[in-house]
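Everything below concerns the one structure shown next.
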Amino acid sequence: MTHEEILAHLRQLPDILVPEDATGCPDLTVNVPPESLKSVALACREDAALGFDTLSCLSAVDGGDRIEVVYHLTSIAHKHRLVLKATLDRTDPEIDSVSEVWSTANWYERECFDLLGVRFRGHPDLRRLLMPDDWQGYPLRKDDVPPAEYHGMSTSREDPLKTPSAPATEDAQTS
Amino acid sequence: MQPMEPILTTVDQFLNWGRKSSIWYLLFATACCGIELMQSGGPRTDLDRFGAVPRATPRQADLMIVAGTITYRMAERVRLLFEQMAEPRYVIAMGSCANCGGLFQSSYSVLKGVDKILPVDIYIPGCPPRPEALAEAIQQLQKKITKEPWLRDLKSWKA
C-alpha cells in the first residue's frame with residue numbers, strides 16, 4: 001500500500017492522527033496522541049488492509065523539552081512500514097504499554113524505562129534491563145549526571161594527557 | 001637463616017621454573033578481545049607451547065586474562081572470579097577496554113579500566129592486541145614469575 005492509502009486507512013480510525021512532515025524519511029511517520037496510542041496500535045494490527053503484525057522497534061527520544069516514543073511497525077504480509085510517534089511530557093512521561101499487542105514490546109519498553117525513565121502502564125514486568133538493578137538515574141536523558149561512584153568503583157578515569165603526573169620512578173622492564 | 005639461603009634459592013628457581021612453564025589461564029572473555037584470545041590459543045600463535053592451557057574454573061587457574069569490555073554489572077562478577085582463584089594468581093589486562101575503558105571511556109555503563117577492581121600485573125595495549133602481543137605478555141609474565149622469591153618470602157620462615 002502506498003503512503004496515501006495507509007494514511008487514508010488510518011484516518012478512518014476514531015482518533016486524531018497528524019502526519020508528520022518527515023522529508024527524506026522513506027517511512028510514513030504519524031503523530032499519535034498518547035491517550036489513544038494503544039487503540040491505534042490494536043487497530044494497526046487487527047485491520048486486514050493495514051496488517052501491521054510486527055513491531056520492528058520501539059524507542060524514545062529526549063527532545064529537550066519533551067520525550068517522544070517512536071514505534072516502527074512492519075507488515076510482513078503486505079510489505080509496508082509505518083512509524084508512530086507519541087509525544088510525552090518530560091517531567092512525568094507515562095504511556096500505555098503495547099506489550100499486549102506485540103509481545104516483543106516487552107523488552108523494548110523495559111529498555112526505554114531503563115535508559116529514559118518512560119513508564120509504561122500495564123506492563124507486566126517493568127524493571128531495568130541493561131543497567132544494574134540499583135542504578136540511579138536515566139542515562140540517555142540529556143540532563144543526566146552519572147554518579148561519582150558505584151559500589152565502590154569510581155566512574156571516572158583521569159586523562160593522563162591533561163593532568164601531568166609525577167615522572168615514573170622505575171622504568172618498565174626491558175628484555 | 002644464612003646457611004639455608006643457597007638451598008632455598010635453588011628450590012625457588014626450580015619451583016618458579018615449574019610455575020612459569022604451566023601458567024593455566026581462566027577461560028574468560030567478554031568482548032572482541034576474546035576472539036583474539038581464542039586465536040592466540042590457535043595453531044599459529046600457540047599459547048600451549050608456553051604451557052598455558054585454558055581452564056573453565058577459576059579454582060584451577062593461575063592467570064586471568066581480562067579480555068574485553070567490563071561493565072559495572074559485570075565488574076562484580078569479575079571480582080568474584082578473581083577471589084575464587086587460589087594464590088599465586090596473576091591478572092593480565094588485555095586490550096584498551098580492560099586497560100582504561102578504551103573506546104567506551106565516556107559511556108555510562110562501562111568500567112573505566114579493570115584495575116579499579118583487580119590488581120593488574122601486565123597491561124597489553126591494542127584494540128584488539130595481536131595474538132603475538134598476548135604471547136609476549138605471557139613471556140613478560142614468565143619473567144616476572146622467575147624473579148619471585150617464593151620460599152624465601154614465606155612468613156613461616158621469618159622469625
Side-chain angles (χ1 to χ4, degrees), chain A residues 59-62 64 67 90 93 107-108 110-118 125-175, chain B residues 20 30-31 50 66 69-83 90 92-93 95-125 132-133 135-148:
Chain A
S59 55
V61 181
D62 184 357
I67 290 186
R90 203 163 178 278
W107 276 26
Y108 280 124
R110 275 180 65 184
E111 184 193 13
C112 263
F113 167 69
D114 186 6
L115 300 175
L116 276 143
V118 179
D125 185 20
L126 194 65
R127 54 192 167 99
R128 288 192 180 269
L129 184 73
L130 300 166
M131 301 306 294
D133 292 326
D134 55 350
W135 187 264
Q136 302 297 320
Y138 301 112
L140 282 190
R141 287 205 178 175
K142 301 281 190 224
D143 60 352
D144 181 73
V145 174
E149 69 158 26
Y150 171 74
H151 283 202
M153 302 176 272
S154 128
T155 59
S156 62
R157 192 174 189 103
E158 60 168 44
D159 187 351
L161 295 176
K162 289 206 179 97
T163 51
S165 52
T169 50
E170 40 185 283
D171 288 340
Q173 283 184 3
T174 50
S175 51
Chain B
K20 82 168 167 73
T30 18
F50 304 115
V66 182
T69 321
I70 305 291
T71 53
Y72 293 126
R73 218 168 165 174
M74 189 65 190
E76 293 165 8
R77 280 85 177 168
V78 171
R79 179 76 209 175
L80 202 63
L81 282 176
F82 176 73
E83 286 174 2
Y90 307 92
I92 291 184
S96 293
C97 290
N99 290 346
C100 62
L103 179 63
F104 310 107
Q105 269 221 337
S106 48
S107 166
Y108 45 83
S109 59
V110 167
L111 181 68
K112 319 282 188 291
V114 82
D115 55 2
K116 290 198 184 291
I117 47 169
L118 301 178
V120 176
D121 296 293
I122 311 255
Y123 295 83
I124 315 179
E132 291 90 18
E136 161 142 14
I138 302 279
Q139 286 180 297
Q140 295 282 344
L141 186 62
Q142 284 184 330
K143 285 200 186 74
K144 191 169 180 179
I145 292 177
T146 314
K147 295 193 176 79
E148 283 187 354

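Note that the coordinates shown come from a computational prediction; the quantities given were computed from them, not determined experimentally. Sequence lines set the chain letters: A, B, ... in the order given, protein chains first and strands last, and positions in each chain run from 1.
Among all heavy-atom pairs drawn from A:L129 and B:R73, the shortest one is O-NH1, 2.8 Å. The two atoms that bring B:A75 and A:M153 nearest to each other are CB-SD, 3.4 Å, heavy atoms only.
Summarising the local packing, CD of B:E83 is surrounded by more than 12 heavy atoms from other residues, nucleotides or ligands at distances under 6.0 Å.
Between the side chain of A:R157 and the backbone N or O of B:K112, at least one donor-acceptor pair lies under 3.5 Å.
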Exercise for the section: Evaluate ring-ring contact (aromatic ring centres under 6.0 Å, His included) for A:W135 paired with B:Y108, printing each intermediate quantity in order. Expected result: CA-CA 11 Å; A:W135 187 264; B:Y108 45 83; 7.9 Å; no
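The CD1 atom of B:I117 sits 12.0 Å away from the OG atom of A:S154 when rounded to the nearest 0.5 Å.
For A:M131, the parts sitting under 4.5 Å from any heavy atom of chain B are the backbone and the side chain alike. With a 4.5 angstrom heavy-atom cutoff, A:L130 touches chain B only via backbone atoms. Of the atoms belonging to B:Q105, it is side-chain heavy atoms, and not backbone ones, that fall under 4.5 Å from chain A.
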